[in-house]
Structure formats: structure tokens, C-alpha cells
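Structure record follows, encoded as C-alpha cells.
Within every chain, numbering begins at 1; the chains are lettered A, B, ... in the order of the sequence lines, protein sequences first and strands thereafter. The model shown is predicted, which means the values in this text are computed figures rather than measured ones. What you see below is based on every heavy atom in this structure, not just the backbone, and it leaves out hydrogens, waters and symmetry mates.
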There are 2 protein chains.
Amino acid sequence: MSSQRRRKGSGRVTLADIAAKVGVSKITVSRAIRTPDKVSEALRLKIQRCIDENGYIPNRAAGALASSQSKTVALLVPSFSNAVFTEVVKGVDEVMLSEGYQVLIGHSGYSTLEEERLIETFLQFAVDGVILSGSQHTERARRMLGQANVPVVEMMELADNPLGICVGFDQVEAGRSVTEYLIEKGHKRIGFAGARMDHRAQQRLRGWREAMWKAGLSDEYLITSQAASSYDMGANLLAEFVQRWPDLDAIFFCNDDLAAGAIFECQRRNIRVPHELSVIGFNNLPIAASTSPSLTTVATPRYEVGRRSAQELLKLLQGEEAEELRIDLGFEVKGRESA
Amino acid sequence: MSSQRRRKGSGRVTLADIAAKVGVSKITVSRAIRTPDKVSEALRLKIQRCIDENGYIPNRAAGALASSQSKTVALLVPSFSNAVFTEVVKGVDEVMLSEGYQVLIGHSGYSTLEEERLIETFLQFAVDGVILSGSQHTERARRMLGQANVPVVEMMELADNPLGICVGFDQVEAGRSVTEYLIEKGHKRIGFAGARMDHRAQQRLRGWREAMWKAGLSDEYLITSQAASSYDMGANLLAEFVQRWPDLDAIFFCNDDLAAGAIFECQRRNIRVPHELSVIGFNNLPIAASTSPSLTTVATPRYEVGRRSAQELLKLLQGEEAEELRIDLGFEVKGRESA
DNA sequence: CTGAAAGCGCTAACAT
DNA sequence: ATGTTAGCGCTTTCAG
């Protein structure tokens, strides 16, 4: 007859159920789970058995509410189809998992507006920290992150004005370096081919341009597209380059997908790489080592960026002050057959 | 003063804060957000302004707790680096987002034990539904899902005994089909090359074997590895095949990554594909259309599998009964240059 | 080592 | 159209 304002509840087994069955208080069950050494062994075992038998699964929403700590962090990447980020995700995930944090992953599709929407969503989940890709965010996203007062790490590039701290490498410098590598090899007419020109690709373009200027070479051999990067797009870009500038020495493709597509197109057109034309890519994705000829490219520390970002976030989460605001993990020009 | 059992709280702006500032009750603010038409326009506007000004972000943990629905679903994939699943994720995400659900993504690294761990974690988040890859799960995972009483969709293969419903295509049939395609082309010595032999790859292998038997052909040309799939592995497998069986007609690689790697190796070895050797892959990833020669493969409806899985889960979430338990989305042999 | 009471921030249920 | 009250399932705080 206990009727009167009955609520549904989830119908699942709760901490209170376990407590009642074992004949202890809720807090003791809670302790047995979270701080086992604060509960006598006998009791702990008894509680554990009851938990197993009843398939009790703690409700984290309740826990988060009570402790105002969700033990989750948000990780925002531009895209899953971009293999660059799969390793970043792996690095973040491994570190966070080992510290008992759950990583909530979102992909913005290279849209800062979608990123803003995701930040809002994840903030609703009361994430304890946020890892973002890049340094380009909407005003509102910045404001929300500020108000929420959560630690933020930006990765993959070194922001001038980091929201919190940033972990990555100098994309401009990388673009410059690899262009200088080509120049040192004696190339003069060096093109830049880009697609999906996100902020990082634009920085590489800037590096190319600076290197060309510095060497007194022309930066006219430039074709970029805002469309998505793909093997096909790489093939198309190559076709356009050889048609417009038949006497080109080399082309710097802003990523390995494009460069690999260009290599395939060269095979079809019987353009001998690197004898007639040098091709370089960016990122050192697995495909770079496998094509024929293999692809000269820039090796980027993606996995390490993920790990380090997570480690730094963890420090902030534990209340430590950041020592370095901009953590540079470097890059390396990887000479192979194509250039 | 008012001291006595004070708790920390999150320090963030809450619904109560907004209610107090506007001078209404909490539930009215709640309604203004969730069911705007149940609040007078004037009040709604006033509340909305206050929310914006104060940067209020609803706490979903609290909402989930109160309503015992989280408006989130879990999506478990074996791997992010496998491009097959990036499209599945995209399909699921698009559909779920459009219905106001947030998708929590986890990757099991092809381990059913890791999958079990993820299921437990996501169940702690009180997800409303779960989408799994494949039909292989641990006993404990099955039990947890059963007890949690959430709708489950398994995707990518057609389980004999689905946990809930399943959405995919017949992997055995696909393996058989593409082998028959080769047989019809007049090939007799057809090899099967596999890596990371997950359950789906094993089913394709079975299809190959069945087709070979049916045609009275030998199934001796078989090499598989439990190691991860990669371009390199494809190249290695090709090398091993041509060494062991120099007179082979064709090789069915269990996925496009392997097949592409094999194509690259053929280029290096000057093995003319398809004249000397036919090569086929599986999945029709973007690379299949781009290599030279382009890759004959099996087009699989990955994106559609994602969308449909989400749609079916949505139906279950709304309490509808499942009409079909096994939803077959088919596949298509995609003839190109390599076979 | 164990427990009682209070409350995290929100929504369901029952008013008016 | 708006409000009151209770309570979701857990952890914190204070006590013993």
C-alpha cells in the first residue's frame, strides 16, 4: 500500500539493493568498490560476491552528480577517416584508460561550428577535461570552455595563444624543412598541392612559400582545393600540375593520401618518379612506405602527440601547474624513393 | 551562519540559479528548455536570455538520473584504423544525432575481452542502447547486456542467434560469390590470403573454400596470419604465395589493404596484374579504385549498415517491436582491372 | 572500520 | 501555463 508519488527508477540493481542484501549501509558497499582497503576483508568479499551474483553495475551518472567528478575527458578530432587521427586517438585512449578515465570521442568534420556543438554536448556530460585538435575554435566554444573551467589541451599544432597548453609540432617549420630538402636535392620548380586546406595544411603551405622565397624561387606552382583529400584528388591534382607546368621538378603534396594518389597516376601515365618528377607527401602514414616507388614524406609524431596530450591533461586534472605551455614534439623528413 | 554539512557542488551555473534570477521555479526553466511550447512566449524569451547571459549548461548526469534515460547509445567497433568502420561510425552518428542521441564510441582492438570491458563501462553511463560489431561476444558481455535490459543491435554480419537484431550481409556468401567470379573467369588455382582473421574474415575464407569445393578445385593455396592487416603484410603474403606456388592464377585477399599491398609488390616484382596473376580484395575502400591496376573487390554497404543499425535501434528505443531480426543489406562484386 | 544524514542538479508526478 | 514536492543513485560530511 505504499503508493503515492511513485517514480519509475531504472529498474536496475542499485547500490542500495546490494547494501540491503548484504545487511550493511550503502556507503560501505561504495567503499568496498572504490576504496577496498577501508573495508574489512571478510565484508569486502561478501559484498563482492553479492555484486557479482546480482550483476550490479554502478550508475556513473549518480556518482558523477554526487562527487562532481565524471572521470571522463572529451577528445575532439576533425575526422575519423583521416588516418592521422586514429593514432592520436589511440595514444590518448591508452594513457587515459590506464588512469581510470573514459575518453568521449567526437569528430567535427573539420567544422568549427560542429566542434562548438560537440564541446557543448560534452560539457553537459560534465567532462573533467577537454582535448582539442588545432587552435581554431569559435568564440562561443572558447567562452564555454572558459566558463566551464575545465583544463584544455590543444594538439597537433603549436598555437600562438593556447587556450590551455598545446602539444604538437611546428607545421610551418615542417613545410619549410621538407621544401628545403627538395631544394637541396637541386630542384627549382617545386609545386605545392593541397586539398581540404585546414589550418595545419595552410601552415605547411606557408612553410613551402617561405622556403621558396628564401631560395629565390618562384611560388607560382600552386594548386589547392577545399574539397576533401583522397587518392583520387591526388591523381587529379597531379594531372592538373603536369598539364599546366610540364617542366615541373617536384611536387609537395600536403598529405600522404594525395601524394599516394599522385604516385598511382604517375604509374598510369608512365611518368617515372623520381627521375622525371619528384613527389613528397606529409605524415608518414603506413601507405608511404609501401607504394612503388616508396614515398618521401615528413614523419609526424601522432601517437606521441596523443600520449603526451593525455599526460599533460592528467597533470592539470591533478591540479598541477603547467610547466610548459607549448610542447614541441618535432618531426622528421623521411627520405625514400620518390624524391 | 549557514554552515553545517556544506557540499562542494560543481561551482557551475545550475538550473536553480537561472530559476532564481528569472524569478520562476526550476521546472519552468526545465520546460523552457525541453518543451518550449509549454511555456509562455514572454517567459521563455526571458529565460533563454538569462541562460545565454550566464552561459548555463545543463548537467546531463543529473538529467539522466532524474529521468532514467541518458539519450546516449554505445557503439563498439573493433578498430578505428580499419577504414571499414569509419563509415559505419559516420552512418550511426548521423542518424543518432538527428534524433538527439549522443553516440559513445569505443574500440575493442579486436578483443572480445576488451569489448566486454567497454560494454561494462558504457552500461555504467546508462546508455539507452548498444550497437556492437559482429556476433562474437564473451558470456559475461551477453549476460550484462541481458540484465541491463537495453536494446542491442549487432552489425556487419548476420548472426545465427542475434542478441537483439542484426544488420549486415552474409560474409560467407560474399566470399563464395567473389570466388565464383574468379572461377567463371577461368581461374583454377585460386589462393586465399588473410590477416587478422577475425570472425568475418573467417567466414569469407569459408565462402572461398565452399566455392572451390563446389567447383572441384583444390583449397590448398591458403595462407593466413593472425597479425594485423597492412599494406606490408599484403606484400609479404604475395611474396610467400608466388614463392610457394609460382603457377597460381589468382589470389583472393581478405581485405583491400592486403590486396593493395600485393598490387604494390607486384609492381616492384614486375608481375603483370591481371595477365600473370589476378588479385582481388574485399570492401571496396577508396584505395581500390585508385591503384594501378585498379582493384577488383567486393563492395560492402558499410555506411548503410551504420545508418540502418541506428534506425533499427531507434525503433527499439521507442518501444517498437522488431519486425525482422536479421536485416541483410547485401554486397556487390565490383569488377575492375586486377581480375 | 562502519554508519546516518544530507544533498549533488535535475525531472516525474501531482497539483493549481 | 506554472508551481510543489519528492526522489533518481550515488558520495560527501560528520560521527562513532
Side-chain angles (χ1 to χ4, degrees), chain A residues 2-47 51 54 56-71 123-126 128 148, chain B residues 2-47 51 54 56-71 123-126 128 148:
Chain A
S2 73
S3 67
Q4 206 185 2
R5 306 223 160 193
R6 280 200 103 43
R7 294 194 70 167
K8 280 182 310 193
S10 61
R12 310 243 263 246
V13 179
T14 71
L15 195 66
D17 295 334
I18 301 294
K21 292 201 189 198
V22 178
V24 293
S25 70
K26 291 186 296 175
I27 189 62
T28 301
V29 178
S30 178
R31 286 194 185 109
I33 295 171
R34 296 181 308 144
T35 50
D37 38 298
K38 290 194 174 169
V39 176
S40 70
E41 169 133 14
L43 198 48
R44 196 178 69 232
L45 257 38
K46 200 167 153 195
I47 290 171
I51 286 175
N54 293 276
Y56 167 62
I57 292 184
N59 182 328
R60 242 166 125 147
L65 194 56
S67 67
S68 35
Q69 252 226 91
S70 64
K71 279 282 199 174
L123 251 20
Q124 295 180 352
F125 281 90
D128 298 329
Chain B
S2 75
S3 66
Q4 203 188 1
R5 309 225 158 189
R6 279 201 104 44
R7 296 194 67 168
K8 280 183 310 193
S10 61
R12 310 243 264 247
V13 179
T14 71
L15 196 65
D17 295 333
I18 300 294
K21 290 201 189 197
V22 177
V24 294
S25 71
K26 290 187 296 173
I27 190 66
T28 302
V29 178
S30 179
R31 286 192 185 112
I33 295 170
R34 296 182 306 143
T35 49
D37 38 299
K38 290 194 175 171
V39 175
S40 71
E41 169 132 14
L43 198 47
R44 198 178 68 233
L45 256 38
K46 202 167 154 194
I47 290 171
I51 286 176
N54 292 278
Y56 166 63
I57 292 183
N59 182 328
R60 248 169 118 145
L65 194 56
S67 67
S68 40
Q69 42 148 1
S70 63
K71 279 281 198 174
L123 251 21
Q124 294 181 353
F125 281 90
D128 298 328

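Less than 4.0 Å separates DNA chain D from at least one heavy atom of each of the following residues of residues 26-33 of chain B: B/Ile27, B/Thr28, B/Arg31.
Atom CG in A/Asn54 sits about 15 Å away from atom P in D/dG9, given to the nearest Å. For the pair B/Lys38 NZ and C/dA13 P, the computed distance is 12 Å after rounding to whole Å. Rounded to whole Å, the distance from NZ on A/Lys46 to C1' on C/dT2 is 14 Å. Across the protein-nucleic acid pair, B/Leu15 atom CG and C/dA12 atom P stand 12 Å apart, rounded to whole Å. Straight-line distance from the CG atom of B/Leu123 to the C1' atom of D/dG9: 15 Å, rounded to whole Å. Distance, B/Phe125 CZ to D/dG9 C1': 15 Å, rounded to whole Å. With rounding to whole Å, B/Gln124 atom CD is found 15 Å from D/dG9 atom P. Following rounding to the nearest Å, B/Tyr56 (OH) and C/dG9 (C1') show an atom-to-atom distance of 7 Å.
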Using residues 12-25 of chain A as the side-chain source, report each donor-acceptor pair under 3.5 Å to any protein atom, sequence neighbours left out, with the distance given to one decimal.
unit_1, atom_1, unit_2, atom_2, d
A/Arg12, NH1, B/Ala148, O, 2.9
A/Thr14, OG1, A/Ala16, N, 3.2
A/Thr14, OG1, A/Asp17, N, 3.3
A/Thr14, OG1, A/Asp17, OD2, 3.4
A/Asp17, OD2, A/Thr14, N, 2.8
A/Lys21, NZ, A/Asn54, OD1, 3.0
A/Ser25, OG, A/Thr28, OG1, 3.2

Under 3.5 Å, sequence neighbours excluded: what are the donor-acceptor pairs made by side chains of residues 33-41 of chain A?
unit_1, atom_1, unit_2, atom_2, d
A/Arg34, NE, A/Ser30, OG, 3.3
A/Arg34, NH2, A/Ser30, OG, 3.4
A/Thr35, OG1, A/Arg31, O, 3.4

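Of the candidate nucleotides D/dC10, C/dG3, C/dG9, D/dC10 has the atom nearest to the side chain of A/Ala66. Set against D/dG9, C/dG9, C/dT2, the side chain of A/Leu43 has C/dT2 as its closest nucleotide. The side chain of A/Ser67 has D/dT11 as its nearest neighbour among C/dA4, D/dT2, D/dT11.
Considering only side-chain N and O atoms, B/Thr14 lies nowhere under 4.0 angstrom from the phosphate OP1 or OP2 of C/dG9. Remark: A/Arg34 is in phosphate contact with D/dT11, judged by side-chain N or O atoms under 4.0 Å from OP1 or OP2.
Annotation: of the two residues near DNA chain D, B/Ser25 and B/Ala62, the 5′-most nearest-nucleotide partner is B/Ser25.
Heavy atoms of A/Asp37 sit under 4.0 angstrom from primed sugar atoms or phosphate atoms, though from no base atom.
Crowding of B/Lys46 atom NZ: a count of heavy atoms from other residues, nucleotides or ligands under 6.0 Å not exceeding 12.
Contact record, B/Ala61 with A/Ala64: CB-CB, 4.4 Å, taken as the closest heavy-atom pair. Between A/Ser70 and A/Asp128, the shortest heavy-atom distance links the atoms N-OD1, 3.1 Å.
Here A/Leu123 contributes atom CG and B/Ile57 contributes atom CD1; the two are 4.0 Å apart, rounded to the nearest 0.5 Å.
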